[in-house]
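Report on the structure given below.
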Amino acid sequence: MRCQNLMWVSQKFIWRPTGGSLRKRLLCREAKKGHNKHGGKKQFNQSELEKIEIDAAREVEQRNKRNEDVQSATNVALRFLSFQMRSAKVLRSKLIDKEIPPDLADEAITRLQEMGLQSDREFADGFARGKWRQSRWSPSKIKSELKYRHGLSDEDIDYGLRVPFQEDNSSGSEFDDSDDLKPFDSSCLGEGALMDLVATCKCRIEMDPKLPAETHRRRLIGWLQRRGYDWDTVKKVLEQLRLGF
């Protein structure tokens, strides 16, 4: 459904210059200059009017060309977003890889953000949920990935980490907006998230139950550390599985 909506916007959304007569604005501007210089209302001769007309036509042409270029960049960005959510930093990099100038890429992304089609905060939320559910990444590893690869702010990262990991929200329900003001501690898991992690580790053990306990312990330690868990969390998981030292 998201893909269909993006393609509809790509086909239907057209940017046009702002309204108003550019010729009249140029005439008023020139008249104001003449009034300030000569102390009276400026009268235009034919050659001056022709020059204003040429300037107006040139400005309209430049503005239309700019809008066409930005719209083209916006359509390319929409095609990227139709496949998956992306952070503004990664989306900008992909547009530049397509030989779109950086200023056009920035303007295209700003327009998409104003339309609600790109949001780093929503990206952080989806990224954190996905990496936790599919790969059991730790909060610290998710935070590092969002910060250094995707260029997200600390506020957007904290927002994304709260639902899967915060202590009082193991059910995955939405949290109160007032909680968004408190920095999220990415070094520890909530009780519900810890139990989910223990359950995943238990499933890994049950895949090959004949292995010695020491082999299971060694493999789980490596598996957890590769996902960014500190030693305190690793020990808690091992203790729950009765594989502690």
Side-chain angles (χ1 to χ4, degrees), residues 2-3 77 80-95 97 109 112-113 116-205 207 217-241 243:
R2 177 180 174 84
C3 177
F80 283 128
L81 292 175
S82 69
F83 292 105
Q84 66 180 63
M85 296 176 63
R86 302 180 193 272
S87 64
K89 178 181 178 180
V90 169
L91 184 58
R92 182 178 190 271
S93 177
K94 286 189 170 293
L95 291 175
D97 288 344
I109 292 171
L112 291 174
Q113 290 171 339
L117 296 177
Q118 195 285 325
S119 167
D120 277 352
R121 175 161 290 201
E122 291 182 6
F123 173 79
D125 180 43
F127 184 89
R129 289 175 189 259
K131 290 302 183 183
W132 168 245
R133 291 174 180 171
Q134 298 171 16
S135 304
R136 291 299 189 227
W137 278 20
S138 69
S140 59
K141 183 169 184 176
I142 293 174
K143 181 174 184 176
S144 177
E145 186 80 359
L146 289 173
K147 187 175 184 67
Y148 297 109
R149 181 183 176 188
H150 295 280
L152 269 63
S153 67
D154 290 337
E155 292 77 11
D156 289 341
I157 294 172
D158 286 350
Y159 179 90
L161 290 174
R162 287 182 183 280
V163 170
F165 295 115
Q166 68 178 354
E167 178 71 35
D168 58 349
N169 196 28
S170 60
S171 64
S173 60
E174 294 299 324
F175 53 88
D176 189 85
D177 290 340
S178 61
D179 292 339
D180 194 31
L181 301 176
K182 306 172 186 176
F184 180 81
D185 184 3
S186 62
S187 64
C188 61
L189 290 176
E191 187 64 27
L194 180 61
M195 291 300 99
D196 288 342
L197 183 61
V198 170
T200 299
C201 291
K202 185 178 180 180
C203 289
R204 293 182 65 81
I205 293 174
M207 290 171 62
R217 179 166 52 245
R218 185 179 67 253
R219 288 184 176 183
L220 285 177
I221 290 173
W223 186 83
L224 290 167
Q225 288 182 332
R226 286 192 298 273
R227 280 152 181 77
Y229 294 100
D230 58 25
W231 185 242
D232 287 340
T233 302
V234 172
K235 287 195 297 183
K236 289 179 183 178
V237 172
L238 295 178
E239 288 170 0
Q240 290 288 334
L241 296 171
L243 291 174

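On a predicted model such as this, the values are computed, not experimentally measured, just so you know.
- Although no hydrogens or angles enter the test, the distance criterion places a donor-acceptor pair under 3.5 Å between the side chain of Lys89 and the main chain of Tyr148.
- In this structure, the side chains of Leu152 and Phe127 stay at 4.5 Å or more apart for every pair of heavy atoms.
- Closest non-hydrogen pair, Trp223 versus Ser135, comes out as CZ2-O, 4.4 Å.
- The distance from the OG1 atom of Thr233 to the CG atom of Asp230 is 4.0 Å, given to the nearest 0.5 Å.
- The CZ atom of Arg227 sits 8.0 Å away from atom CG of Leu224, with the distance rounded to the nearest 0.5 Å.
- Trp132 places a side-chain heavy atom less than 4.5 Å from the side chain of Asp196.
- In terms of heavy-atom proximity, Asp154 sits nearest to Lys147 at OD1-NZ, 3.0 Å.
- There is a side-chain donor-acceptor pair under 3.5 Å between Thr200 and Arg136.
- The shortest distance between side-chain heavy atoms of Asp125 and Asp156 does not fall below 4.5 Å.
- Side-chain contact between Trp231 and Gln225: present, with at least one pair of heavy atoms (C-beta onward) separated by less than 4.5 Å.
- Summarising the geometry, atom OG belonging to Ser87 is positioned 9.0 Å from atom CD1 belonging to Ile109; distances are rounded to the nearest 0.5 Å.
- Tyr229 contributes atom OH, which lies 5.5 Å from atom CG of Leu189 (distance to the nearest 0.5 angstrom).
- In this structure, Ser144 and Lys141 have side chains that are not in contact, with every pair of non-hydrogen atoms separated by 4.5 Å or more.
- Across all non-hydrogen atoms, the minimal contact from Gln113 to Gln118 is NE2-OE1, 2.9 Å.
- Between the CG atom of Leu220 and the NZ atom of Lys202 there is a distance of 13.0 Å, given to the nearest 0.5 Å.
- When atom types are taken as modelled, the side chain of Arg217 and the backbone of Leu243 share a donor-acceptor pair closer than 3.5 angstrom.
- Under the 4.5 Å side-chain criterion, counting only non-hydrogen atoms from C-beta, Phe123 is in contact with Leu146.
- Contact detail for Gly160 and Ala128: the closest heavy-atom pair is O-CB, 3.3 Å.
- Between Glu191 atom CD and Met195 atom CE the span is 4.5 Å, to the nearest 0.5 Å.
- Considering all non-hydrogen atoms of both residues, Ala77 and Leu95 come closest at N-CD2, 3.7 Å.
- In terms of heavy atoms, Val237 sits closest to Cys201 at CG1-SG, 3.8 Å.
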